[in-house]
**Q** 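I am attaching a structure below and will ask some questions about it afterwards.
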Amino acid sequence: MFIEMMKSKIHRVTVTEANLNYIGSITIDSLLLEAADIIPGQRVWIVNNNNGERFDTYVIAGEPGSGVICLNGAAARKAQPGDIVIIMTYAHMTPEEARNWKPKVIFPDTKTNRL
């Protein structure tokens with residue numbers, strides 16, 4: 001049996017852009033991705049602290065050091081620039097693995113989205 005555990009989290013970043021006319025996804029500063037152990041194309045769950053929306057999409061790497069958090073496509077309807085979001089990934093593991101698991105959690109500055 002496998003259970004789903006939080007793998008990583010980017011805790012409280014500010015949405016910088018919302019691009020409705022893009023195919024879809026979320027663009028995240030690649031330095032934040034590296035620090036949180038998230039890879040381009042990976043599925044992420046997003047929680048919007050401003051309006052309570054919860055949704056999932058996949059990641060596109062943004063310019064390193066840019067602080068970009070851009071919701072693309074339909075996700076752009078779920079958050080607007082200035083909203084605070086939490087971005088999470090999960091992993092499947094055995095209960096034995098889960099007991100000793102330590103997720104990777106980062107806390108960027110919400111004004112700059114930088115560590």
Side-chain angles (χ1 to χ4, degrees):
M1 171 178 66
F2 288 95
I3 60 175
E4 196 167 31
M5 299 290 292
M6 186 180 73
K7 177 186 164 288
S8 53
K9 176 167 69 166
I10 301 173
H11 188 76
R12 296 183 55 86
V13 286
T14 302
V15 174
T16 58
E17 302 172 53
N19 184 351
L20 185 60
N21 295 314
Y22 191 81
I23 294 171
S25 69
I26 184 170
T27 304
I28 302 172
D29 179 325
S30 62
L31 294 180
L32 295 177
L33 293 178
E34 184 177 330
D37 193 26
I38 299 172
I39 61 174
Q42 187 171 356
R43 183 181 190 184
V44 292
W45 286 260
I46 302 163
V47 177
N48 185 330
N49 282 7
N50 291 72
N51 64 20
E53 288 282 355
R54 299 176 71 89
F55 56 98
D56 66 311
T57 189
Y58 65 93
V59 172
I60 293 176
E63 182 179 335
S66 66
V68 67
I69 302 293
C70 180
L71 291 160
N72 300 303
R77 297 260 189 225
K78 304 288 189 179
Q80 295 300 306
D83 285 358
I84 301 292
V85 296
I86 298 169
I87 303 164
M88 299 165 285
T89 65
Y90 295 87
H92 292 98
M93 55 189 74
T94 66
E96 294 77 23
E97 292 170 314
R99 282 183 180 75
N100 296 314
W101 176 249
K102 301 282 188 257
K104 182 76 170 191
V105 180
I106 64 168
F107 300 89
D109 181 290
T110 56
K111 290 182 176 66
T112 64
N113 291 340
R114 292 181 181 90
L115 296 172

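This chain uses plain numbering: 1 for the first residue, then up along the sequence. Scope of the values below: all heavy atoms of this structure, side chains included, with no hydrogens, waters or symmetry mates. This one's a predicted model, so the numbers in the text were calculated from it and none came from an experiment.
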**Q** Keeping the roles fixed (side chain from Glu34, backbone from Leu31), state whether a donor-acceptor pair exists under 3.5 Å.
**A** no
**Q** Can you tell me which residue pairs pass the salt bridge (Lys or Arg N to Asp or Glu O under 4.0 Å) test with a partner in residues 51-61, sequence neighbours excluded?
**A** Arg43-Asp56, Glu53-Lys78
**Q** Name the atoms and distances for all side-chain donor-acceptor pairs under 3.5 Å in residues 57-66, with sequence neighbours left out.
**A**
{"residue": "Thr57", "atom": "OG1", "partner": "Ser25", "partner atom": "N", "Å": "3.4"}
{"residue": "Tyr58", "atom": "OH", "partner": "Gly24", "partner atom": "O", "Å": "3.0"}
{"residue": "Ser66", "atom": "OG", "partner": "Glu63", "partner atom": "O", "Å": "2.7"}
{"residue": "Ser66", "atom": "OG", "partner": "Val68", "partner atom": "N", "Å": "3.2"}

**Q** So how far is it from Glu4 CD to Thr89 OG1, rounded to the nearest 0.5 Å?
**A** 10.0 Å
**Q** Which residue pairs pass the side chain to side chain donor-acceptor pair (under 3.5 Å) test with at least one member in residues 103-115, sequence neighbours excluded?
**A** none
**Q** Please identify each residue that fulfils ring pair (Phe, Tyr, Trp, His ring centres under 6.0 Å) with Tyr90, with sequence neighbours left out.
**A** Trp45
**Q** Can you name the closest pair of heavy atoms from Ile3 and Pro95 and give their distance?
**A** CD1-CA, 4.1 Å
**Q** Tell me, please, which residues at least two apart from Ala91 pass side-chain contact (heavy atoms from CB on, under 4.5 Å).
**A** Lys7, Met93
**Q** Which heavy atom of Ala36 sits nearest a heavy atom of Ile106, and at what distance?
**A** CB-CD1, 4.0 Å
**Q** Could you list the residues that satisfy ring pair (Phe, Tyr, Trp, His ring centres under 6.0 Å) with Trp101, not counting sequence neighbours?
**A** none
**Q** Listed by chain and number, what are the ring pair (Phe, Tyr, Trp, His ring centres under 6.0 Å) partners of His11, not counting sequence neighbours?
**A** Phe107
**Q** Hey, could you give me the CD1/CD1 distance between Ile38 and Ile28, rounded to the nearest 0.5 Å?
**A** 5.5 Å
**Q** When you look at Thr27 and Asn72, which way does the side-chain contact (heavy atoms from CB on, under 4.5 Å) test go after all the steps?
**A** CA-CA 7 Å; Thr27 304; Asn72 300 303; 3.0 Å; yes
**Q** Mind checking whether Ile69 and Phe55 sit in one hydrophobic cluster, side chains of I, L, V, M, F, W, Y counted as touching below 4.5 Å?
**A** yes
**Q** According to a hydrophobic-cluster definition based on side-chain heavy atoms being under 4.5 Å apart (Ile, Leu, Val, Met, Phe, Trp, Tyr only), do Met88 and Val44 belong together?
**A** no
**Q** Return each pair, listed once, that meets salt bridge (Lys or Arg N to Asp or Glu O under 4.0 Å) where at least one residue sits in residues 13-28; pairs must be two or more places apart or across chains.
**A** none
**Q** Which atom names give the shortest non-hydrogen contact between Leu115 and Ala35, and what distance separates them?
**A** CD1-CB, 3.4 Å
**Q** Connecting only ILVMFWY residues whose side-chain heavy atoms lie within less than 4.5 Å of each other, what is the rest of Ile84's hydrophobic cluster?
**A** none
**Q** If a pair satisfies salt bridge (Lys or Arg N to Asp or Glu O under 4.0 Å) and one of its residues is in residues 83-94, list it, with sequence neighbours excluded.
**A** none
**Q** Can you list the residues that meet the side chain to side chain donor-acceptor pair (under 3.5 Å) rule with Glu97, with sequence neighbours excluded?
**A** Thr94
**Q** Name all residues meeting the side-chain contact (heavy atoms from CB on, under 4.5 Å) criterion together with Asn21; count only those two or more places apart in sequence or in a different chain, and write none if there are none.
**A** Asn19
**Q** Taking C-beta and beyond as the side chain, do Val85 and Val47 meet within less than 4.5 Å on heavy atoms?
**A** no
**Q** Roughly how far apart are Arg12 CZ and Ile86 CD1, rounded to 0.5 Å?
**A** 7.0 Å
**Q** Quick check for you: to the nearest 0.5 Å, what is the distance between Leu71 atom CG and Ile26 atom CD1?
**A** 4.5 Å
**Q** Which atom pair, heavy atoms only, marks the closest approach of Thr16 to Gly67?
**A** CG2-O, 3.6 Å
